[in-house]
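Worksheet: one structure, shown below.
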Amino acid sequence: MAGCSSATAVDDLSTVPLVALNMTVRKQLSLYLNPRNMVAADWTMVAEAMGFSYLEITNYQTVPNPTERVLEDWQACSTEATVGHLLSILENVERKDVVEDLRPLMEEDVRKYKESLKKRAVRPLQVPEVDSCIPRTPERSGLTLGDDPEGSPELFDAFICYCKSDITFVHEMIRELEQTDHRLKLCVFDRNVLPGSCVWTITSELIEKRCKRMVVVISDEYIESDACDFQTKFALSLSPGARNKRLIPVVYKSMTKQFPRILSFLTVCDYTNQYTKTWFWERLAKALSLP
């Protein structure tokens, strides 16, 4: 019966993306798997089961925390990166000790993750007497300045993920991409989004259904932002392995903190490189103009 219960638990988590696991669980996994062990499977066997090549695994040996890096890269590049699949891999490499110790923590993370999704998806209740009798489209209406309640929702070429402290560069981005021959249409939260609705619901709707791509403005402040972290991970979950070039990281000033590993597999638009700065806006505009 215990084996059946374990299998059921894994099956229940098979559709939950790995992004649901927070840093506490990831650190615990690293404590279990980082040490090279002659009598138990370590991170190398887990990475092999995830599909990483011998050369990739060899390169991971040079990083300070290989388990953390493997989880991040698997999460970013594979559609199979789910909590349930991770538990199955740990059981298959006979690390049931890790599964038994960490499953409760993982299930708690999954519970919180699902609750957050429900909160972002829920719509406010409306009294029938004051609710509009106009038929609504599947898209939520009245989110942005350009929404027509009786027509189609406003669409954009790109959602701009940024911190408040980086708004000056966002203004420059608007000038270079919207007010030039590029004629692109950017979704800038503080400019385009109407007040009064749940932030998480709005951003999810815009990123998934209203914007073709997302530009991520990377800075030290970005790394500390919970809102930017959510937006980035949500967009990554819609485009595993960057199959449709949905995310475009942009660095516009020097940083003191480490570049986000979750985005390290993507080609970066670097505004700080004086040798390529001349081509910066043309390259970015071209990437955002792709079908």
Side-chain angles (χ1 to χ4, degrees), residues 17-21 68-82 113 116-117 120 155-164 166-167 169-170 172-174 176-178 182 184-190 192-193 199-200 202-253 255 257-273 276 279-291:
L18 203 66
V19 70
L21 299 183
E68 181 184 30
R69 184 64 177 273
V70 165
L71 289 174
E72 289 176 349
D73 288 356
W74 189 50
Q75 171 183 301
C77 299
S78 175
T79 56
E80 297 181 351
T82 67
Y113 174 77
S116 68
L117 290 181
R120 292 194 292 269
L155 302 178
F156 301 87
D157 291 298
F159 181 91
I160 310 301
C161 172
Y162 65 96
C163 292
K164 304 292 185 183
D166 298 323
I167 190 65
F169 179 71
V170 174
E172 184 175 358
M173 188 178 294
I174 291 171
E176 295 291 339
L177 299 178
E178 286 192 340
H182 298 305
L184 292 168
K185 189 172 183 180
L186 308 179
C187 182
V188 178
F189 194 93
D190 293 293
N192 296 97
V193 175
V199 172
W200 305 115
I202 293 173
T203 52
S204 300
E205 176 81 10
L206 292 171
I207 293 169
E208 181 177 8
K209 299 179 180 178
R210 306 280 197 97
C211 301
K212 290 194 299 182
R213 287 176 173 78
M214 186 167 89
V215 174
V216 186
V217 180
I218 308 294
S219 64
D220 288 339
E221 294 77 14
Y222 161 89
I223 294 173
E224 301 298 326
S225 169
D226 290 337
C228 289
D229 181 66
F230 162 73
Q231 292 168 13
T232 302
K233 289 178 177 177
F234 181 77
L236 278 174
S237 71
L238 300 174
S239 178
R243 287 193 178 93
N244 59 359
K245 302 182 179 68
R246 193 179 186 101
L247 264 76
I248 302 174
V250 168
V251 176
Y252 81 98
K253 63 180 180 180
M255 298 174 59
K257 298 179 180 178
Q258 185 180 19
F259 186 86
R261 288 181 179 175
I262 197 173
L263 297 175
S264 61
F265 72 103
L266 295 173
T267 304
V268 177
C269 242
D270 189 356
Y271 195 63
T272 67
N273 188 333
T276 61
W279 313 312
F280 176 86
W281 294 112
E282 187 69 29
R283 291 178 67 222
L284 181 57
K286 182 67 174 179
L288 295 179
S289 300
L290 294 174

How many angstroms lie between atom CG of Leu71 and atom CG of Leu18, to the nearest 0.5 angstrom? 6.0 Å

From Leu263, Val268, Val250, Asp270, residue fulfilling side-chain contact (heavy atoms from CB on, under 4.5 Å) relative to Ile218: Leu263

What's the verdict on side chain to side chain contact (heavy atoms under 4.5 Å, CB included) for Phe265 and Asp73, showing C-alpha distance, side-chain angles and the deciding distance? CA-CA 8 Å; Phe265 72 103; Asp73 288 356; 5.6 Å; no

Do we see a donor-acceptor contact under 3.5 Å between the side chains of Tyr222 and Asp166? no

Any heavy-atom pair between the side chains of Ser289 and Leu184 that's under 4.5 Å? yes

Give, for atom CZ of Phe189 and atom CD1 of Ile167, the distance between the pair rounded to the nearest 0.5 Å. 12.0 Å

Given side chains that start at C-beta, do those of Leu284 and His182 come closer than 4.5 Å, heavy atoms only? no

Taking the side chain as every heavy atom from C-beta outward, state whether Asn192 and Leu186 have any pair of such atoms under 4.5 Å apart. no

Looking at side-chain heavy atoms only, is the closest gap between Met173 and Val217 below 4.5 Å? yes

Can a donor-acceptor pair be found, under 3.5 Å and without considering hydrogens, that links the side chain of Arg210 to the backbone of Phe159? no

Once you round to the nearest 0.5 Å, how far does SG of Cys269 lie from CZ of Phe280? 4.5 Å

Can you tell me if CD on Glu172 sees more than 12 non-hydrogen neighbours from other groups inside 6.0 Å? yes

Ignoring hydrogens and geometry, is there a side-chain-to-backbone donor-acceptor pair from Arg69 to Arg261 under 3.5 Å? no

Does Val19 reach the side chain of Ile262, with side-chain heavy atoms less than 4.5 Å apart? no

How many angstroms lie between CZ in Arg246 and CG in Leu266, if you round to the nearest 0.5 Å? 13.0 Å

Are Asp157 and Lys212 within salt-bridge range, i.e. N to O under 4.0 Å? yes

Is the gap between the ring centers of Phe169 and Tyr162 under 6.0 Å? no

Lys253 atom NZ, over 12 foreign heavy atoms within 6.0 Å: yes

Report yes if the side chains of Met255 and Ile223 come closer than 4.5 Å at any heavy-atom pair, otherwise no. yes

Return the minimal non-hydrogen interatomic distance between Gln231 and Thr203, and the atom names on each side. NE2-CG2, 3.8 Å

Between Phe234 and Glu208, is any pair of side-chain heavy atoms under 4.5 Å apart? yes

For the side-chain contact (heavy atoms from CB on, under 4.5 Å) test, which of Leu206, Ile248, Thr232 pairs with Met214? Thr232

Within this structure, what is the CG-CD1 distance for the pair Asp190 and Ile160, rounded to the nearest 0.5 Å? 12.0 Å

Please round to the nearest 0.5 Å and tell me the distance separating atom CG of Leu155 and atom SG of Cys187. 10.5 Å

Does CG belonging to Asp226 count more than 12 external heavy atoms closer than 6.0 Å? no

Check: Ser225 main-chain N/O paired with Asp229 side-chain donor or acceptor under 3.5 Å: no

Would the number of heavy atoms belonging to other residues, nucleotides or ligands and lying under 6.0 Å from CD of Glu80 be above 12? no

